[in-house]
Peer 1: 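Encoded as structure tokens, here's the structure I'll be asking about.
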Amino acid sequence: MAAHGDAEVKPTHVGKKKIVAKRYWDDSTEKKGREGREKEQKKEEHDEQKNTLEGGMPYVKRKKGEDGRKKGISGKMDPFPGPAPISKEKLKKFKRGGNKKMSSGTRGRLKDSLSRAEVASNLAQNQAARYDLLLPEDAGFLEGDEDEDTCTIMQEDIADAVDITSGSKYFNLSLSQFGPYRVDYTRNGRHLLLGGRRGHVVCIDWQSKQLKCEMNVMETVNDVKWLHSEAMYAVAQKKWLYIYDSSGIELHCIRKFNDVLRLQFLPYHFLLATASATGFLQYLDVSVGKEVAAICTKAGRLDVMALNPQNATVHLGHPTGTVTLWSPNQKEPLVKMLCHKGGVRSIAVDKTGTYMVTSGLDRKLKVFDIRTFQPLKSYFLPAGASCLSLSQRGLLCASTGNIVQVYQDVCNTPVKKPYMTHRVRGSVYGAQFCPFEDVLGVGHAEGFTSMIVPGAGEPNFDGLDANPYRSVKQRQEWEVKALLEKVQPELIGLDPGQLGWSGTKTKYRHWDSTLLLR
């Protein structure tokens with residue numbers, strides 16, 4: 001008989017679940033498990049491919065040290081952590097105006113939008129200063145030998161010394177039958193427009209010397225001007241203002257603009273400003289073909305006109321020696337300055353809108369600071385200057401009779417002698433520097449002369465604004481974008497920076513007007 005401890009203990013069925021027999025339709029669990037394993041396997045293969053470099057080397061994730069700096073592949077610490085520092089001089093070069101303090105009465109939503117705009121402006125400033133190293137070209141100037149003045153160097157010598165492409169930019173067009181000629185370049189510096197006093201109008205691609213159109217309008221031509229692109233241009237003829245396309249086909253005859261003497265085009269506003277012999281300053285919106293403003297200046301004949309490219313104000317010179325600044329929003333001049341003792345002959349404004357150069361019948365050449373409206377420098381020219389033009393790099397062209405003189409850095413330092421000198425065949429009637437090129441175009445009584453002026457043009461261009469190498473498709477896309485971003489003429493004023501400023505005076509004036517309405 002077996003002992004009590006040796007007896008076998010049989011497990012009970014209490015607490016056990018009965019295993020249900022599998023059916024043929026119940027195999028979803030196996031499928032789910034199989035699909036999950038396949039997904040995990042594919043994910044592992046994808047991660048391995050992602051972490052492998054192009055050369056087949058495995059990607060090693062960098063670890064951080066105790067001070068938070070990342071370790072390299074070799075395990076060493078980065079000696080120069082973070083982005084490279086930017087010098088203050090470069091930041092100052094790309095500064096887009098000062099930061100304006102907001103008053104306590106400014107609304108919260110306006111504060112947020114202004115702060116975001118300020119952050120975006122600072123970011124753009126830092127990126128522009130950082131990418132300044134990538135600009136491929138530098139501006140240079142003409143340097144002579146020892147005891148040699150650069151003004152004695154002839155254009156033929158410069159054309160022979162430079163390469164073939166640059167040497168071909170010096171040429172003469174003999175057009176003695178229909179002169180003198182007015183000159184205008186497109187904003188990208190690719191196309192040239194010539195307008196002869198006796199009706200001759202020529203449109204050419206001056207770099208490739210390809211003629212676009214040539215015609216004679218059979219009446220007096222006072223001025224010519226390109227519009228927003230090389231597809232259209234305006235011609236101020238004896239009676240009315242005409243618009244032509246690049247093929248020479250007449251598109252419009254605007255009879256409201258009569259006796260026009262000078263033309264200026266505002267590219268960001270799509271406005272064509274005209275000055276007439278009857279003393280009227282008129283603005284034409286070329287995007288819709290309507291007259292925006294017609295201002296009677298009450299100053300007589302208007303044959304001296306310039307445009308400030310920074311704030312889009314128009315500068316007019318008068319026989320009384322005064323210069324007036326105009327906006328299409330006011331019937332009175334914004335500023336009236338007495339610049340010369342005699343009549344004003346020509347005006348030029350630099351691209352930053354800071355300096356204005358004027359010449360008068362008193363044979364004086366004066367430089368003014370537009371910010372303070374005070375004269376900075378005054379020069380005496382023996383025969384005066386009949387035509388002025390400022391380049392993108394600050395060179396000044398002053399023509400006297402048939403002599404063209406180019407001065408360097410007139411606005412900042414006193415100048416004793418010209419930088420370059422050239423004699424043309426006839427009396428100069430119009431002169432303009434070509435954008436983004438070291439070229440000065442001179443229209444005179446015997447035709448046209450293209451001069452090489454080293455250091456005149458900006459060496460680097462903005463491909464999204466004025467691209468000399470754009471195709472037809474790019475020009476069409478740019479035109480649509482420019483029309484969508486067109487600035488309204490109501491925003492033209494002396495200080496464009498005041499548009500984003502909101503002060504307490506405006507708020508109190510609004511409160512007073514609402515109380516009066518009640």
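When a residue number appears, it is its place in the shown sequence, counting from 1.
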Peer 1: Show, in sequence, the C-alpha distance, side-chain angles and deciding distance for Lys481 and Glu477, and conclude whether the salt bridge (charged side-chain N to carboxylate O under 4.0 Å, His left out) test is met.
Peer 2: CA-CA 6 Å; Lys481 185 179 178 182; Glu477 292 178 356; over 6 Å; no
Peer 1: Holding to salt bridge (Lys or Arg N to Asp or Glu O under 4.0 Å), I want the full list of residues that pass it with Asp362, two or more places apart in sequence or in another chain.
Peer 2: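 Testing Asp362 for salt bridge (Lys or Arg N to Asp or Glu O under 4.0 Å), a comparison that skips the adjacent residues, returns none.
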Peer 1: So, taking the atom named OG1 in Thr324 and the one named CG in Leu316, what distance separates them when rounded to the nearest 0.5 Å?
Peer 2: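 Here the interatomic distance stands at 4.5 Å.
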Peer 1: Return the set of residues passing side chain to side chain contact (heavy atoms under 4.5 Å, CB included) with Phe178 (not counting sequence neighbours), or none when no residue passes.
Peer 2: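 For Phe178 the side chain to side chain contact (heavy atoms under 4.5 Å, CB included) partners, ignoring immediate neighbours, are Tyr181, Arg198, His200, Asn216.
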Peer 1: Let me confirm one number: the OG-CD1 distance from Ser166 to Ile158, rounded to the nearest 0.5 Å.
Peer 2: 11.0 Å
Peer 1: Between Glu230 and Lys212, does any NZ, NE, NH1 or NH2 come within less than 4.0 Å of an OD or OE carboxylate oxygen?
Peer 2: no
Peer 1: Report the relative orientation of the aromatic rings in Tyr242 and Trp240; use parallel for angles under 30°, tilted for 30 to 60°, perpendicular for over 60°.
Peer 2: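 Correct class here is tilted.
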Peer 1: Is there side-chain contact between Arg262 and Leu302, with heavy atoms separated by less than 4.5 Å?
Peer 2: no
Peer 1: Does Asp205 form a side chain to side chain contact (heavy atoms under 4.5 Å, CB included) with Arg190? I'd like the steps, not just the answer.
Peer 2: CA-CA 6 Å; Asp205 185 345; Arg190 185 74 185 182; 3.4 Å; yes
Peer 1: Please check if atom NZ in Lys364 has more than 12 non-hydrogen atoms from other residues, nucleotides or ligands closer than 6.0 Å.
Peer 2: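 No.
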Peer 1: Test side chain to side chain contact (heavy atoms under 4.5 Å, CB included) on Tyr244 and Glu250 and set out the steps.
Peer 2: CA-CA 5 Å; Tyr244 298 93; Glu250 180 184 328; 3.7 Å; yes
Peer 1: Would a 4.5 Å heavy-atom cut-off, applied to side chains only, mark Val314 and Met305 as touching?
Peer 2: yes
Peer 1: Can you list the residues that meet the side-chain hydrogen bond (donor to acceptor under 3.5 Å, both in side chains) rule with Tyr185, with sequence neighbours excluded?
Peer 2: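 With sequence neighbours excluded, Tyr185 shows a side-chain hydrogen bond (donor to acceptor under 3.5 Å, both in side chains) to no residue whatsoever.
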Peer 1: Hey, could you give me the CG/NE2 distance between Leu361 and His340, rounded to the nearest 0.5 Å?
Peer 2: 9.0 Å
Peer 1: Got a sec: does the CD of Glu156 have more than 12 other heavy atoms crowding it under 6.0 Å?
Peer 2: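 Count over threshold, so yes.
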Peer 1: To the nearest 0.5 Å, how far apart are CZ in Phe141 and OH in Tyr419?
Peer 2: 6.0 Å
Peer 1: Using a 4.5 Å cut-off on heavy atoms from C-beta on, say whether the side chain of Glu458 contacts that of Pro435.
Peer 2: no
Peer 1: Distance-only, no hydrogens or angles: does the Gln474 side chain make a donor-acceptor pair with backbone N or O of Ser471 under 3.5 Å?
Peer 2: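 Confirmed, Gln474 side chain pairs with Ser471 backbone.
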Peer 1: Could you check whether any side-chain heavy atom of Thr449 comes within less than 4.5 Å of a side-chain heavy atom of His444, counting everything from C-beta outward?
Peer 2: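 Yes. Closest side-chain heavy atoms under 4.5 Å.
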Peer 1: Under 4.0 Å between a side-chain nitrogen and a carboxylate oxygen: does that hold for Arg182 and Asp223?
Peer 2: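 Result for this pair is yes, salt bridge flagged.
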Peer 1: Please list, chain by chain and in numerical order, all residues satisfying salt bridge (Lys or Arg N to Asp or Glu O under 4.0 Å) with Asp465, sequence neighbours excluded.
Peer 2: Arg187
Peer 1: Check whether any side-chain heavy atom of Met356 sits under 4.5 Å from a side-chain heavy atom of Ile347, and report yes or no.
Peer 2: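 Result yes, sub-4.5 Å side-chain heavy-atom pair found.
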Peer 1: Which residue pairs pass the ring pair (Phe, Tyr, Trp, His ring centres under 6.0 Å) test when at least one of the two sits in residues 259-283, sequence neighbours left out?
Peer 2: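 Non-adjacent pairs meeting ring pair (Phe, Tyr, Trp, His ring centres under 6.0 Å): His228-Phe270.
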Peer 1: Check whether any side-chain heavy atom of Asp184 lies under 4.5 Å from a side-chain heavy atom of Leu263, and answer yes or no.
Peer 2: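 SC-SC contact between Asp184 and Leu263 ruled out.
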Peer 1: With Asn308, which residues qualify under side chain to side chain contact (heavy atoms under 4.5 Å, CB included), at least two apart?
Peer 2: Gln310, Asn311, Thr313, His315, Val349, Ile370
Peer 1: Step by step, work out the side chain to side chain contact (heavy atoms under 4.5 Å, CB included) result for Tyr355 and Leu376.
Peer 2: CA-CA 9 Å; Tyr355 302 105; Leu376 297 178; 3.4 Å; yes
Peer 1: Only counting residues at least two apart or in another chain, list the ones meeting side-chain hydrogen bond (donor to acceptor under 3.5 Å, both in side chains) with Asp303.
Peer 2: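 side-chain hydrogen bond (donor to acceptor under 3.5 Å, both in side chains) check on Asp303 returns nothing, list empty.
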Peer 1: Can you name the residues that form a salt bridge (Lys or Arg N to Asp or Glu O under 4.0 Å) with Glu214, not counting sequence neighbours?
Peer 2: none
Peer 1: Which atoms form the tightest heavy-atom contact between Pro328 and Ala293, and what is the distance?
Peer 2: O-CB, 3.6 Å
Peer 1: Are more than 12 heavy atoms from other residues, nucleotides or ligands located less than 6.0 Å from atom CZ of Arg423?
Peer 2: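 Atom CZ in Arg423 is not packed in, count stays at 12 or less.
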Peer 1: For a 4.5 angstrom cut-off between non-hydrogen side-chain atoms, does Asn467 reach Asn188?
Peer 2: no
Peer 1: Do you know which two heavy atoms are closest between Ser359 and Leu365, and how far apart they sit?
Peer 2: CB-CD1, 4.2 Å
Peer 1: Taking side chain as C-beta onward, heavy atoms only, is Leu192 less than 4.5 Å from Val183?
Peer 2: yes
Peer 1: Does Glu219 come within less than 4.0 Å of Lys239, counting only side-chain N to carboxylate O?
Peer 2: no
Peer 1: Which residues pass the side-chain hydrogen bond (donor to acceptor under 3.5 Å, both in side chains) test with Glu291, not counting sequence neighbours?
Peer 2: Gln282
Peer 1: Using salt bridge (Lys or Arg N to Asp or Glu O under 4.0 Å) as the criterion, list what pairs up with Asp259, not counting sequence neighbours.
Peer 2: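 Per chain and number, Asp259 pairs via salt bridge (Lys or Arg N to Asp or Glu O under 4.0 Å) with no residue.
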Peer 1: Applying ring pair (Phe, Tyr, Trp, His ring centres under 6.0 Å), which residue pairs with at least one partner in residues 454-484 are found, sequence neighbours left out?
Peer 2: Phe461-Tyr469
Peer 1: Strictly distance-based, threshold 3.5 Å: is any side-chain N or O of Thr322 a donor or acceptor partner for the main-chain N or O of Lys336?
Peer 2: no
Peer 1: Side chain of Asn402, backbone of Gly426: donor and acceptor closer than 3.5 Å?
Peer 2: no
Peer 1: Give a yes or no answer on whether the side chain of Lys331 reaches the backbone of Thr297 with a donor-acceptor pair at less than 3.5 Å.
Peer 2: no
Peer 1: Decide side chain to side chain contact (heavy atoms under 4.5 Å, CB included) for Val442 and Met451; before the verdict, give the C-alpha distance in whole Å, the side-chain angles of both, and the deciding distance to 0.1 Å.
Peer 2: CA-CA 8 Å; Val442 181; Met451 293 174 50; 4.2 Å; yes
Peer 1: To the nearest 0.5 Å, what is the distance between NZ (Lys169) and OG (Ser450)?
Peer 2: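 Result: 9.0 Å between the selected atoms.
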Peer 1: The criterion is side-chain hydrogen bond (donor to acceptor under 3.5 Å, both in side chains); which residues satisfy it with Thr354, sequence neighbours excluded?
Peer 2: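 With sequence neighbours excluded, Thr354 shows a side-chain hydrogen bond (donor to acceptor under 3.5 Å, both in side chains) to Thr352, given in chain and number order.
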